[in-house]
Amino acid sequence: MSEQGQAVIEFENVAHGYGGGPLLSEVTLSLAPGSFHFLTGPSGAGKSTFLKLCYGELAPVAGRIALFGQELDAMSRDDIARLRQRVGVVHQDCQFLDHLPIADNVALPLTVSGRDADPTELRELIAWVGLTGRLKSLPPALSGGERQRAALARAVIMSPDVLLADEPTGNLDWEMSLRLLALLVELNRMGKTIVVATHDLNLIRAAKAQVSARVLRIKDRRLLLAGAEL
Amino acid sequence: MDRLNRVAALLTGDSRSAQVVPPSGSAAWLTVLAAAAMALLAVFALALTLATGRLAERWSGALSQTATVRISAPQAQLEAQTKQVLDILAATPGIASARAIEPAETRALLAPWFGPDLPVESLPIPQLIEVTETASGFDAEGLSLRLKAEAPGATLDDHMRWRKPLVEAAGWIRALGFLALGLTGAALAAMVTLAAQAALAANRQVIRVLRLIGARDAYIGRAFVRRFTLRAFFGALAGTLPGMAAVALLPAASEAGGFLTGLGFSGAQWLWPLAIPLVAAIVAFWATRAAAFRMLREVQ
């Protein structure tokens with residue numbers, strides 16, 4: 001599967017497994033900048049694994065992966081760290097530092113890259129995800145939906161070129177899911193490449209009404225472009 | 001210069017980067033306590049090492065340039081043999097001076113054992129002649145043979161027989177002191193490594209999150225390294241200062257007290273123990289850095 005323009009993420013015959021046989025195999029993919037993709041498939045099909053391969057948390061057992069034209073397996077750990085500053089990730093379990101308030105957690109990507117968060121911009125970003133009243137709350141005090149929105153704010157604070165979201169609406173009611181989707185669509189309109197792993201077909205249908213999104217499906221260890229049934 | 005800047009950055013620190021790692025509770029105090037105890041022991045080991053060094057030099061220096069001739073002869077011949085020995089010594093190359101020990105000096109030497117009123121003149125005490133060598137020294141074997149031939153009651157003692165084991169013993173004690181210092185440093189490194197590993201293991205999830213959001217290994221490592229380096233430094237300082245005070249309170253060195261009252265630092269040697277907190281900080285820096293990077297390699 002290839003798209004027009006300089007690819008931001010490229011997979012070529014990628015395979016991965018956790019020791020009990022391959023989970024993904026022969027995955028070949030090329031995502032253009034500014035594209036919007038949903039990644040779907042049954043639980044355990046390898047959606048999270050695919051995203052982890054995208055930002056180098058997992059290494060493929062076969063094939064090659066390139067991010068912004070650079071092959072991941074040829075990169076040093078520092079290079080991968082720098083690359084991750086261009087890729088925002090909304091993890092399924094959010095991955096916060098529980099001893100830091102939400103404002104500090106959201107600003108963390110800036111902190112670790114040695115930059116100061118502008119207090120006004122930080123407040124605006126947190127307001128954008130609807131968490132103004134939660135600036136000083138610790139992550140364990142937040143509801144699932146609030147955590148997902150805070151994770152989205154942290155993922156975009158570096159103004160990344162790519163946003164990867166792993167089941168971002170998994171803990172949200174429908175109304176909140178639509179609100180989060182609207183944020184993702186808004187980011188895509190700003191030129192960001194978006195990949196959302198989800199098994200929520202209603203969310204995909206709702207998105208297709210707002211944005212030109214393509215749907216990838218993992219089936220029988222392979223990545224396929226889903227058809228019109230969605 | 002770049003390295004200096006990095007050390008300065010480590011010490012002055014970045015409060016935000018320090019905050020990303022949660023406080024480690026009791027492990028922190030254990031590191032400080034261990035560093036303080038190790039520094040206290042290191043001060044004593046250093047005092048012992050430097051004192052034995054001074055002692056060895058003193059014994060070696062004081063005794064190496066002197067010798068003694070002892071004349072054991074019947075009272076009637078004692079004066080004649082003493083004169084004869086002094087004449088021989090005056091003609092021997094390598095001897096700077098020789099003088100017979102006066103009865104008053106002999107009495108003073110024996111006073112600690114026999115009391116001050118010893119009638120030296122009426123006792124069969126050998127006559128002693130103190131010999132001072134020139135820098136080139138004299139032929140001890142040749143002089144012994146000549147004394148044996150011309151003054152049968154005279155025996156040369158060049159101090160070598162009892163000086164050598166004393167100097168050797170002082171050298172050994174000094175070596176043991178250095179060994180104790182080395183072991184203290186190694187024990188501190190081991191303890192800091194264990195504490196750092198415990199802190200790193202407890203914060204594995206924090207490290208994973210930081211890696212995922214783009215933190216470089218150096219950034220994550222620095223947060224731990226800075227913490228343990230400062231703990232070791234201040235802990236060692238807290239051990240060094242009381243250790244120095246304890247050494248300062250030891251009785252002053254005196255002839256009567258001998259080695260024990262000479263234990264401590266002298267002059268500029270007081271600066272040496274001040275290096276202990278710095279050495280502890282350096283040891284902690286490298287121990288924590290090694291532990292941190294070992295752990296970080298396991299996190300993608």
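Just so it is clear, the structure is predicted and the values come from calculations on it, not from any experiment. Chain letters run A, B, ... following the sequence lines, proteins first and then strands; every chain starts at 1.
Both the backbone and the side chain of A:Leu108 come within less than 4.5 Å of a heavy atom in chain B. Contacts of B:Val209 with chain A are made by side-chain atoms alone, with heavy-atom separations under 4.5 Å and no backbone atom involved. At a 4.5 Å heavy-atom cutoff, B:Ile220 makes no contact with chain A through either its backbone or its side chain. When heavy atoms are compared at a cutoff of 4.5 Å, A:Arg86 does not approach chain B at all.
Taken from CG in B:Leu212 to CZ in A:Arg154, the straight-line distance is 8.0 Å, to the nearest 0.5 Å. Note that the CD1 atom of A:Ile80 and the CZ atom of B:Arg211 stand 6.5 Å from one another [nearest 0.5 Å]. Taken from NE2 in A:His91 to CD1 in B:Ile213, the straight-line distance is 8.5 Å, to the nearest 0.5 Å.
Counting all heavy atoms, side chain and backbone alike, A:Ala81 lies closest to B:Ala215 at CB-O, 3.7 Å. The minimum heavy-atom distance linking A:Arg77 with B:Asp217 is given by the pair NE-OD2, 2.5 Å. Of all heavy-atom pairs between A:Val112 and B:Gly214, the closest is CG2-C, 4.2 Å.
Within a 6.0 Å sphere centred on CH2 of A:Trp128, other residues, nucleotides and ligands contribute more than 12 heavy atoms. Around the CH2 atom of B:Trp172, the shell of radius 6.0 Å holds no more than 12 heavy atoms that belong to other residues, nucleotides or ligands. With a 6.0 Å radius and a threshold of 12 heavy atoms from other residues, nucleotides or ligands, A:His99 has its NE2 atom above the threshold.
Note: A:Leu97 leads A:Asn105, A:Leu100, A:Leu97 in heavy-atom pairs under 4.5 Å with chain B.
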